[in-house]
Student: 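Below: one structure in structure tokens.
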Amino acid sequence: MKLTGVELRRIRMPLVAPFRTSFGTENDRDVLLIRVVAEQAEGWGECVAMSDPLYSSEYVDAAADVLTRFLVPALTALPRLDATAVAPALAKFKGHRMAKAALETAILDAELREQGRTLARELGAVHERVPCGVSVGIMDSIPELLDAVDGYLAEGYLRIKLKIQPGWDVEPVRAVRERFGDDVLLQVDANTAYTVGDARHLARLDPFGLLLIEQPLDEEDILGHAHLAKTVRTPICLDESIVSARAAADAIKLGACEIVNIKPGRVGGYLEAKRIHDVCAANGVPVWAGGMLETGLGRAANVALAALPGFTLPGDTSASGRYYRTDITEPFVLDDGHLSVPTGPGIGVAPLPDRLAEVTTASQWLTL
Ligand SMILES: O=C(O)CCC(=O)N[C@@H](C(=O)O)c1ccccc1
């Protein structure tokens with residue numbers, strides 16, 4: 001593929017409601033999109049970095065900078081450019097996996113559009129629609145939480161994920177179980193808010209039949225999670241810790257997790273995400289698709305990934321309306337608790353020009 005130009009497009013999308021996690025509250029998303037223009041087609045990628053380095057070390061301004069100064073120039077030096085050449089060409093730059101993922105996705109989207117092939121097919125998808133879960137933030141009160149969960153269950157979500165932190169964990173889980181019963185698929189996500197000294201406290205979640213406890217400890221505390229697994233019966237799932245297929249293999253071998261949340265932005269792109277899926281499948285470890293409040297662009301690609309055979313748990317692949325009143329693509333709408341895998345070439349969706357213009361805050365054209 002011959003690139004003729006790359007656009008860095010910044011958009012601001014208000015959330016339908018504040019989204020609170022153990023590391024902060026999001027009221028709107030400042031999103032960096034990448035559009036690559038090749039001779040035969042163009043492609044889009046969404047950078048999932050947040051505005052502040054609170055989920056991981058990455059943040060949007062840094063992603064825009066590293067793309068402009070290092071990542072995009074490195075690609076223009078390549079004799080032959082296709083999606084599989086991107087990660088090797090960028091490997092010399094340390095970290096910045098979300099920025100790298102967005103660029104690789106845009107190249108992959110353009111390449112697949114040129115060939116008339118879908119991302120789902122490219123990754124090895126085996127389903128045409130995927131079961132959807134929903135992530136529920138930390139709330140000001142238990143009644144407010146129960147109302148939110150009630151609404152999501154009424155919308156048809158097949159799995160509830162509750163954000164937890166010290167002081168908001170056992171009681172909210174108990175309240176949801178008491179109100180909605182034992183059959184609701186329920187899991188919790190701590191976003192690294194606990195320490196291994198909290199093992200006995202976290203074991204108090206065991207009686208509630210949770211699917212998993214997601215990332216209770218620091219992302220670098222792999223052995224801490226392995227130790228925790230000896231005290232807590234509920235399966236441990238890792239998110240922030242799993243930054244590559246190698247990290248997944250190590251964490252599994254060390255007994256640090258029984259389940260993995262795969263987020264393409266966190267691991268450097270959809271090709272690495274597929275490799276993590278394969279490593280987990282080889283070890284009998286179920287995976288599910290995580291989310292980073294993506295617009296319809298990232299959402300489309302995540303739904304394609306979630307259709308791979310090893311994705312046996314509902315993901316955070318919620319409808320567009322979970323976060324945005326109006327998406328920048330045709331909205332993803334829940335149908336009987338599922339989202340359909342896009343069938344168009346590439347990621348299968350593109351921004352609606354008028355809608356994109358409404359939310360655009362900046363645009364930078366990188367000539368190559
Ligand atoms: O449904 C979604 O897209 C969000 C799912 C979700 O809870 N994401 C969490 C996470 O830690 O997994 C998150 C929220 C905000 C920022 C980063 C990550």
Side-chain angles (χ1 to χ4, degrees), residues 45-50 53 55-59 62-63 66-67 70-71 74-75 82-108 119 122-124 189 191-192 212 214-226 229 236-292 294 298 301-302 304-306 308-311 313 315-316:
E46 177 171 349
C47 180
V48 297
M50 313 305 290
Y55 166 79
S56 73
S57 60
E58 296 195 69
Y59 59 101
V66 75
L67 281 157
F70 302 101
L71 305 185
L75 294 194
D82 62 28
T84 57
V86 173
L90 303 183
K92 64 184 177 183
F93 303 114
K94 301 295 185 186
H96 296 286
R97 289 182 173 89
M98 293 176 180
K100 291 175 178 177
L103 183 52
E104 181 187 88
T105 304
I107 301 282
L108 182 57
L119 176 63
E122 179 72 10
L123 295 176
D189 182 2
N191 290 112
T192 76
L212 56 94
E214 187 181 354
Q215 198 71 49
L217 310 181
D218 183 276
E219 68 274 16
E220 296 183 3
D221 193 1
I222 300 302
L223 291 178
H225 283 101
I236 303 288
C237 171
L238 292 179
D239 169 356
E240 289 90 331
S241 296
I242 308 301
V243 294
S244 64
R246 177 193 295 148
D250 291 351
I252 293 166
K253 195 170 181 65
L254 289 167
C257 63
E258 294 177 65
I259 301 170
V260 170
N261 161 339
I262 299 182
K263 291 177 180 174
R266 183 189 75 219
V267 304
Y270 287 85
L271 301 182
E272 186 69 6
K274 156 92 173 144
R275 288 189 279 269
I276 293 172
H277 162 272
D278 295 348
V279 163
C280 290
N283 287 276
V285 169
V287 300
W288 55 281
M292 294 289 285
E294 287 92 345
N302 288 352
L305 178 71
L308 269 63
F311 285 78
L313 292 166
D316 286 343

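Sequence positions, counted from 1, serve as the residue numbers for this chain.
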Student: Taking all heavy atoms of Ala101 and all of Gly265, pick out the closest pair and write down the distance.
Tutor: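 Here Ala101 and Gly265 meet closest at CB-CA, 3.8 Å.
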Student: Please round to the nearest 0.5 Å and tell me the distance separating atom OH of Tyr55 and atom CE of Met98.
Tutor: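 Here the interatomic distance stands at 5.5 Å.
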Student: Does the side chain of Thr105 reach to within under 4.5 Å of the side chain of Pro264, using non-hydrogen atoms?
Tutor: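 The answer is no; the side chains never approach within 4.5 Å.
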Student: Measure the shortest side-chain to side-chain distance between Leu90 and Leu75 over non-hydrogen atoms and say whether it is less than 4.5 angstrom.
Tutor: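 Leu90 reaches Leu75 side chain to side chain.
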Student: Let me confirm one number: the CZ-SG distance from Arg97 to Cys47, rounded to the nearest 0.5 Å.
Tutor: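 The CZ atom of Arg97 sits 13.5 Å away from the SG atom of Cys47.
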Student: How far does OG of Ser56 sit from NZ of Lys263, to the nearest 0.5 angstrom?
Tutor: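 Spacing of OG (Ser56) from NZ (Lys263) equals 9.0 Å.
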Student: List in chain and number order the residues that pass side-chain contact (heavy atoms from CB on, under 4.5 Å) with His96, two or more places apart in sequence or in another chain; answer none if no residue qualifies.
Tutor: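 Here the qualifying residues are Glu58, Val66, Ala99.
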Student: Taking it one step at a time, do Ile276 and Val267 satisfy side chain to side chain contact (heavy atoms under 4.5 Å, CB included)?
Tutor: CA-CA 9 Å; Ile276 293 172; Val267 304; 3.4 Å; yes
Student: Given Tyr270 and Glu122, is the side chain to side chain contact (heavy atoms under 4.5 Å, CB included) satisfied, shown in steps?
Tutor: CA-CA 10 Å; Tyr270 287 85; Glu122 179 72 10; over 6 Å; no
Student: Mark yes or no for whether Asn283, through its side chain, and Val285, through its backbone, hold a donor-acceptor pair below 3.5 Å.
Tutor: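 The answer is no, because no donor-acceptor pair under 3.5 Å joins these two groups.
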Student: Do Lys100 and Val86 come close enough that some side-chain heavy atom pair is under 4.5 Å?
Tutor: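 No. Closest side-chain heavy atoms not under 4.5 Å.
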Student: To the nearest 0.5 Å, what is the distance between CG (Asp189) and CD (Gln215)?
Tutor: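 Those atoms lie 8.0 Å apart.
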Student: Identify the heavy atoms of Gly290 and Asp316 that sit nearest to each other, and give their distance.
Tutor: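 Heavy-atom minimum between the residues: C-CB, 4.1 Å.
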Student: Looking at Asp278 and Lys274, is any side-chain nitrogen of the basic one under 4.0 Å from a carboxylate oxygen of the acidic one?
Tutor: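 Looking at Lys274 and Asp278, the cut-off is met.
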Student: Mind telling me whether Phe311 and His277 have parallel, tilted or perpendicular rings, with 30° and 60° as the class edges?
Tutor: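 Parallel, since the angle between the ring planes stays under 30°.
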Student: Determine, stepwise, if the pair Trp288 / Leu212 fulfils side chain to side chain contact (heavy atoms under 4.5 Å, CB included).
Tutor: CA-CA 11 Å; Trp288 55 281; Leu212 56 94; 3.7 Å; yes
Student: Just how far is it from atom CG of Asp221 to atom OG1 of Thr192, taken to the nearest 0.5 Å?
Tutor: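 One finds 10.5 Å between CG of Asp221 and OG1 of Thr192.
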Student: Between Ser241 and His225, which heavy-atom pair has the shortest distance, and what is it?
Tutor: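 So the minimum-distance heavy-atom pair works out to OG-CE1, 4.3 Å.
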Student: If I compare all heavy atoms of Ala74 with all of Ala89, which pair ends up nearest, and what's the gap?
Tutor: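 Smallest interatomic distance, heavy atoms only, reads CB-O, 4.3 Å.
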Student: So if I apply the side-chain contact (heavy atoms from CB on, under 4.5 Å) rule between Asn261 and each of Val287, Asp239, Ile242, which one comes out positive?
Tutor: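 Between Asn261 and the candidates, side-chain contact (heavy atoms from CB on, under 4.5 Å) is satisfied uniquely by Asp239.
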Student: With a 4.5 Å limit on heavy-atom distance, are the side chains of Leu108 and Leu271 in contact?
Tutor: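 Of all side-chain heavy-atom pairs linking Leu271 with Leu108, at least one is under 4.5 Å.
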Student: Any idea which heavy atoms bring Ala304 and Leu308 closest together, and the distance?
Tutor: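 Distance-wise, the nearest heavy atoms are O-CD1, 3.7 Å.
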Student: If you compare all heavy atoms of Gly255 against all heavy atoms of Ala229, which two are closest, and at what distance to 0.1 Å?
Tutor: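 In terms of heavy atoms, the two residues are closest at O-CB, 4.0 Å.
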Student: List the residues meeting side chain to side chain donor-acceptor pair (under 3.5 Å) with Glu240, not counting sequence neighbours, and say none if there are none.
Tutor: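 Result, side chain to side chain donor-acceptor pair (under 3.5 Å) vs Glu240: Asn191.
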Student: Measuring from Ile259:CD1 to Leu238:CG, what's the distance to the nearest 0.5 Å?
Tutor: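 If we round to the nearest 0.5 Å, Ile259:CD1 and Leu238:CG are 10.0 Å apart.
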Student: Let me see the working for Val48 and Glu294 under side chain to side chain contact (heavy atoms under 4.5 Å, CB included), right down to the final yes or no.
Tutor: CA-CA 7 Å; Val48 297; Glu294 287 92 345; 3.6 Å; yes
